[in-house]
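Notes follow once the structure below has been shown.
Start at 1 and go down the list; that is how both ligands and their atoms are numbered.
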Amino acid sequence: MLLWFLLPLILLSRHEAGKIIGGKEARPHSYPYMAYLLIQSPERLSSCGGFLVREDFVMTAAHCWGSSINVTLGAHNIQRRERTQQRITVLRAIRHPDYDPQNIVNDIMLLQLKRRIRQNHVVRPVALPQAGESLKPGTLCTVAGWGRVSLNRRTDVLQEVQLRVQRSQKCSNRFSFYTSQTQICVGNPRERKSAFRGDSGGPLVCNNVAQGIVSYGDTNGIPPAVFTRIESFLPWVKTILRRFKPQRSE
Ligand SMILES: *[C@@H]1O[C@H](CO)[C@@H](O)[C@H](O)[C@H]1NC(C)=O
């Protein structure tokens, strides 16, 4: 099966950018932790979403890895040079050691920024879940991103959509490598609402806590989609954050 993570949003020109299906434009700066990643890999230039988890760390999907990554925080329109934007180069991209690109499991990565961000009302970290916290099917969550709004349409402004957590069976029926141990099944199959190409790496936020990371879904953007379950990776996240103490500001 073709999955859209295999087709990351390829930036054909400076104006090519990616959005979410069935959503709407977000109120500017209502997602102050939201990051836009520009990624250079040996093959191509692409983009992903991500989110600030500490003043010097962004969390995203491991499949968004590249040899050079730049992060923009405080953005609404990604094609403009907004005064609120802070652009920072990634110092270290740390993929989960068990990331498996074939079966798309353990799709989580931490990006250490070259310097700390200046925290303000448009740029600040999001909370991570507590250990042992369970996310119940039916929970209403939000996903934001600059990914595709349909197969061929794109957007420059941040989009948001509300999606419900599904029973894991809905994903295990569709995706052979889905595992509820480390993944979350998100998006009602009866609604035309989903994360899509270019949204990869963005956060699933439920009750102000980042619970998931956009990982993959169906080629045509038909829900549900699979998200990395952050709660399963807390020990690894804590180890990395402890190992790399905050850099001194500028
Ligand atoms: C990131 O920014 C640096 C410095 O401005 C630049 O040299 C590099 O090419 C950029 N990389 C990407 C992927 O945009």
Original post:
What atoms in ligand 1 come closer than 4.0 Å to a heavy atom of Q40?
Top reply: 13 (C)
Subject >> atom 4 (C) of ligand 1 [closest protein heavy-atom partner, distance rounded to 0.1 Å] >> reply: T89 OG1, 4.5 Å
Original post:
What do you think, any protein heavy atom under 4.0 angstrom from atom 9 (O) of ligand 1?
Top reply: no
Original post:
Does the S67 side chain pair with the main chain of Q40, one donor and one acceptor, at a distance under 3.5 Å?
Top reply: yes
Original post:
Any side-chain heavy-atom pair from F227 and V143 closer than 4.5 angstrom?
Top reply: yes
Original post:
Can you tell which part of L38 has a heavy atom less than 4.0 Å from ligand 1: side chain, backbone, both or neither?
Top reply: both
Original post:
To the nearest 0.1 Å, how far is atom 6 (C) of ligand 1 from its closest protein heavy atom, and which atom is that?
Top reply: N70 ND2, 4.2 Å
**OP:** Can you label the angle between the H96 ring and the W236 ring as parallel, tilted or perpendicular, going by 30° and 60°?
**Re:** tilted
Subject >> For atom 13 (C) of ligand 1, the option (of S67, S46, S68) bearing the nearest heavy atom >> reply: S68
Original post:
Is there a donor-acceptor contact under 3.5 Å linking the side chains of Q85 and E82?
Top reply: yes
**OP:** Going by the side chain to side chain contact (heavy atoms under 4.5 Å, CB included) test, name the single residue among T139, L140, V186, N188 that passes it with L163.
**Re:** V186
